[in-house]
Amino acid sequence: MTKRLDLESGRKYVGAVELADEAARLVGRFVPRQERGSVSELPDERMVRYYSSGGLISPPEGRQGTAAVYGYLHLLQLLAIKRLQAEHLPIKKIKELVEGKTETDLEQLLEVGERAQRPEKGGNAAREYLESLLAPGARGPARSSRQSLSLQAEAPVLQVRDSTSHYSAAPPSSDWTRIVVDEGLELHIRGDYRLAEVLKDRQRLARRMVNEIERRIKHS
Amino acid sequence: MKVEEDKSDRLMVSRDNRPSIEAVTERPLLVAGREQNIDLLMRITAPEVGGSKARPHLNIGVVLDRSGSMQGEKMAHARRAAAYCVDQLMADDRISVIIFDNVVETIVPSRLAEAKEAIKERITSIRARNSTALHEAWVKGGIEVSEHLREGAINRVLLITDGLANVGETNVDTIVSQAAEVATRGVSTSTIGIGADFNEDLLIPMAEAGGGNAWHVREPGEMERIFATELKGLIAQVGHTVSLGLTPGDGVKVRDVLNDFEVTHTGRYKLPNLLAGASLDVVARLQVPAMAAGRRHKILDLRLAWNPQGAPGSDRQTLGSSVTVEYADAADVERHPGDERVTKAVQFLMAARARREAIRQLDSGDIVAARATVAGTAQLMADACAAYSDDLELRGQLMDLNELEQELAREGDLKTSRKKLSYQAYNLARQSKRG
């Protein structure tokens, strides 16, 4: 797995405060949203000292004056502790999972590679797609269908979300082709639209389009 | 007849890790001097996984129906099955649990399967009530799984329901195409239907499009076994997104592929996932040209493509083979006994088709015709396989058909009969045999 915290890997943090601040900045990327009812604390200086004394965070790499100097391993340890806490593991268990682990182990635990590949907010293609299905008024794959529906006077104008991007997070194409299918019926196709591979899926798509039209005619 | 691995097809990994294809015609020689239709059995066997090799990571979202109809025994078994599932996971697998009636509730957000007792405690507290927001619950289950999408892991939603989607999105085509979309983005869906009141025309296509399995639980007590089988399949999965391309040789035509697989627009057949050590029987009916005795003729090039489990999505593997047959005089051909593997595979796949025909007849209200279809199929199968009538697999198939025929004759619980027909047809067409 490629190291995705490359920028961090060579850095040194002078003092527990600096380490805690850096962890606090990154915590949102690696620690999933907190479950209901749990108190989510950002990493702070007190925590760094507490976990150091408990052996969950390794001894500092060295000293600069009176301040301890920490590195990448310490940053990963702190993030991993927060991550496992968010999953309600007891501290004893967390210690087992973190203590003595290499940077690579901890990166894996934090899913560093996978998370960093995702666009902002830690999203991915599957999740973005699924979330678009929960959007109010969403029917069917969010794809571009909302675009044409929003042209209807009675339909709410929804913001079109780019739910078709794949793992590569290609920039959404804004290149649309407009085709008049029938008198009063237009089809808008975005440049990067992929037609389903399987014939049955294509038939389903066709049926869905007809259903959408029927629904709207019935309503008006 | 010979099957040769195509030398021009460059292999990327050692052969031991790859599936193998065995192609068999009913008789080893074809009759010379006439055009004919032959059935070609292609048995695709996935490699056994070595004991040392770690199983894929699992990232499972259990989506459990707790609507009113689940009350009592069904709910109790569902709880036990879900708890069983938690017990089978390793500490670095992930699990989430979502329950739904008209409201969807995430009782265990995706987490490592570490604190098993705490997770099971939450599952134990589930009680049944209200109606069925199946679609929304499935979507939320998918979100929990996708949140921790891990390349190489098996990311799967297990949807368990006994009812019809009656809250929110209920259109079958919409839900099925969404399941396909989600599968292309790395999250697969398996479905478990309980009892007689769910919609098999939703749950089977949803699992097919979703790259998972469809299960029917007739008795609540079967639930734990089904869960165990599903988990065993997940752990044994060695390849996914499997396709088979058939290119006929000169003068040859592919008349039919009896499994009725979905076909991609490039003309490839979409096959089920590869499970370690398991075989899939594919039968193609070919029209082959007349040739003189002693001639050899290449009848088919086949190309299997798949993504190995655990490899990045871009690592697609292929295996090419060609099938050559030899022609001989009728007397020579007759000397060879028929290969029972081919006869059986053909009969089982035809019986799957007959079941689908019987479903159409049931749906149009013609129970008598449906019964006749089932009875006729049993007779054809028994006649065709008379030479090995004590074969256990064959006897099992005949018993299934007889049981169905009797049920239809009683005109009793047609909903259950229809489900049996659907699931048996589904399973026969993607039959995997172990070992």
Side-chain angles (χ1 to χ4, degrees), chain A residues 1 32-36 83-84 86-90 93-94 96-97 108-109 111 113-115 117-118 122-134 138-143 163-168 194-212 215, chain B residues 91-92 94 104 106 108-115 118-119 135-136 138-153 155 157 168-169 171-178 180-188 205 208-209 243 261-268 270 312-314:
Chain A
M1 182 182 301
R33 54 183 173 53
Q34 301 288 299
E35 290 177 27
R36 268 166 306 166
R83 166 77 172 262
L84 295 168
E87 302 192 2
H88 296 293
L89 293 196
K93 199 78 220 179
I94 295 177
E96 277 172 34
L97 289 170
Q108 266 171 20
L109 190 136
E111 302 169 274
E114 288 111 274
R115 285 198 168 244
Q117 285 172 13
R118 298 171 188 171
N124 60 25
R127 192 170 76 183
E128 276 175 23
Y129 175 78
L130 285 157
E131 277 173 351
S132 75
L133 300 179
L134 290 182
R139 257 185 77 90
R143 290 233 155 161
S163 57
T164 49
S165 68
H166 303 287
Y167 292 104
S168 55
R194 284 182 319 148
L195 187 59
E197 284 241 318
V198 173
L199 291 176
K200 261 194 201 168
D201 291 340
R202 292 181 174 191
Q203 288 161 356
R204 264 180 219 124
L205 181 69
R207 284 204 298 267
R208 280 213 335 265
M209 289 201 280
V210 173
N211 284 347
E212 287 286 359
R215 251 167 24 95
Chain B
D92 50 356
R94 299 201 75 92
V104 179
T106 306
V108 179
S110 179
R111 59 189 292 177
L112 294 170
E114 262 286 343
I119 300 172
H135 174 256
E136 186 191 342
W138 168 73
V139 171
K140 288 195 169 158
I143 289 176
E144 284 299 323
V145 170
S146 65
E147 193 128 340
H148 297 276
L149 201 62
R150 191 163 170 177
E151 206 164 0
N155 305 290
V157 178
E169 179 63 74
N171 183 289
V172 169
D173 288 326
T174 304
I175 301 177
V176 170
S177 47
Q178 289 176 1
E181 290 287 338
V182 175
T184 64
R185 291 166 171 80
V187 178
S188 51
E208 272 179 321
S243 73
F261 293 123
E262 291 200 5
V263 182
T264 69
H265 71 284
T266 52
R268 299 235 156 94
K270 239 181 98 174
S314 55

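Bear in mind that the values here come from a model prediction, so they are computed numbers and not experimental data. Reminder, nothing fancy here: chain letters follow the sequence lines and each chain counts from 1.
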Separation between OG1 of B/Thr174 and CD of A/Glu212, rounded to the nearest 0.5 Å: 7.0 Å
Candidate pair A/Leu134 and B/Lys140, rule side-chain contact (heavy atoms from CB on, under 4.5 Å), full reasoning: CA-CA 8 Å; A/Leu134 290 182; B/Lys140 288 195 169 158; 3.9 Å; yes
Contact leader toward chain A among B/Lys270, B/Glu262, B/Glu136, where contacts are heavy-atom pairs under 4.5 Å: B/Glu262
Minimum heavy-atom distance between B/Ala180 and A/Asp201, given as atom pair plus value: CB-OD2, 4.1 Å
Rounded distance [0.5 Å steps], NE2 in B/His148 versus CZ in A/Arg127: 8.5 Å
Among B/Asn155, B/Val263, B/Asp173, residue most engaged with chain A (heavy-atom pairs, under 4.5 Å): B/Asp173
Closest heavy-atom pair and its distance - A/Leu130, B/Gly142: CD1-C, 3.3 Å
Considering all heavy atoms, the nearest B/Leu149-A/Ala126 contact: CD2-CB, 4.3 Å
Which atom of B/Arg185 lies closest to which atom of A/Ala125, heavy atoms considered: CD-O, 3.3 Å
B/Leu112 vs A/Leu84, side-chain contact (heavy atoms from CB on, under 4.5 Å): CA-CA, chis, key distance, verdict: CA-CA 9 Å; B/Leu112 294 170; A/Leu84 295 168; 3.7 Å; yes
Contact class of A/Leu205 relative to chain B, heavy atoms under 4.5 angstrom: neither
For B/Ala209 against A/Arg204, the heavy-atom pair lying closest together: CB-NH1, 4.5 Å
A/Arg208 to B/Ser177 - nearest heavy-atom pair and separation: NH1-OG, 2.7 Å
